[in-house]
Amino acid sequence: MRAGWHEYFMGMAHQAATRATCPRKHVGAVIVRDRTVLSTGYNGSIRGLPHCEDNGCMMEDGHCVATVHAEANAIIQAAKNGVSLEDSELYTTASPCWNCFKLIANTGIRKIYYGEFYRDERSREVARELGIELIDLEIPPPAKR
């Protein structure tokens, strides 16, 4: 059976998550406009620094602060390549944290599809205020091989 667009792009986000380098959570993100992939990202260390999986996590208040989140990395990749994200859509394996949500909102992304809700209710409230659709796809990750 042929995958629908949501399954296709969320599948890509799950595949991107397999590149994540923080063992605490593997997250992937894909930014799309008009059914065309603009950018991808996964959570990992700052370029040129050791990965959490190699050197351990840098923990503060129960969170690893060594990694750049998947959504931020996808936005950074688009910026490096001169790609506008205005009126695009984001597929992410976990709903964005508050800091990533703020970045997403300022890029002009209008829809955020996620596979699991992750922690922060502020994003839901502010998304409603800004007219950004925050949509739970309820698509489970693919079975591990």
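Start at 1 with the first residue, then count along the sequence.
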Does the side chain of [Y] come within less than 4.5 Å of [X]'s, by heavy atoms?
X      : Y      : value
Ser123 : Ser95  : no
Cys52  : Cys64  : yes
Lys111 : Ile132 : no
Pro96  : Ile112 : yes
Arg24  : Met59  : yes

If you round to the nearest 0.5 Å, how far is NZ of Lys80 from OG of Ser39?
-> 10.5 Å
Measure the CD-CD distance between Glu121 and Glu125 for me, rounded to the nearest 0.5 Å.
-> 6.5 Å
Contacts of Arg122 meeting side-chain hydrogen bond (donor to acceptor under 3.5 Å, both in side chains) (sequence neighbours excluded), chain-then-number -> Asp120
In chain order, what residues pass the side-chain hydrogen bond (donor to acceptor under 3.5 Å, both in side chains) check against His51, with sequence neighbours excluded?
-> Thr21
Give the minimum heavy-atom separation between [X] and [Y], together with the two atoms involved.
X      : Y      : value
Ala16  : Gly28  : CB-CA, 4.1 Å
His69  : Cys100 : CB-SG, 3.4 Å
Ala105 : Leu130 : CB-CD1, 3.9 Å
Pro23  : Glu53  : CD-N, 3.9 Å
Tyr114 : Ala94  : CB-C, 4.0 Å
His14  : Thr93  : ND1-CG2, 3.5 Å

Who clusters with [X]? Use side-chain heavy atoms, under 4.5 angstrom, across I, L, V, M, F, W and Y, and order the result by chain and number.
X     : answer
Met1  : none
Leu49 : Ile46, Val68, Ile76
Val27 : none

Flag, side chain of Gln77 to backbone of Thr40, donor-acceptor distance under 3.5 Å | yes
Assess whether side chain to side chain contact (heavy atoms under 4.5 Å, CB included) is satisfied between Leu90 and Val30, documenting all intermediate values.
-> CA-CA 6 Å; Leu90 171 75; Val30 176; over 6 Å; no
Do His26 and Tyr42 have their ring centres less than 6.0 Å from each other?
->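 No, they do not, as the ring centres are separated by 6.0 Å or more.
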Can a cation-pi geometry be assigned to Arg35 and Tyr8, taking NZ or CZ under 6.0 Å from the six-membered ring centre and within 45° of the ring axis?
->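 No cation-pi geometry.
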Can you list the steps and then say if Ile31 with Tyr91 is a side chain to side chain contact (heavy atoms under 4.5 Å, CB included)?
-> CA-CA 6 Å; Ile31 302 174; Tyr91 289 81; over 6 Å; no
Salt bridge between Glu116 and Lys25, side-chain N to carboxylate O under 4.0 Å?
->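 Salt bridge: yes.
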Contacts satisfying side chain to side chain donor-acceptor pair (under 3.5 Å) that involve residues 98-107 (not counting sequence neighbours) are Asn99-Lys102
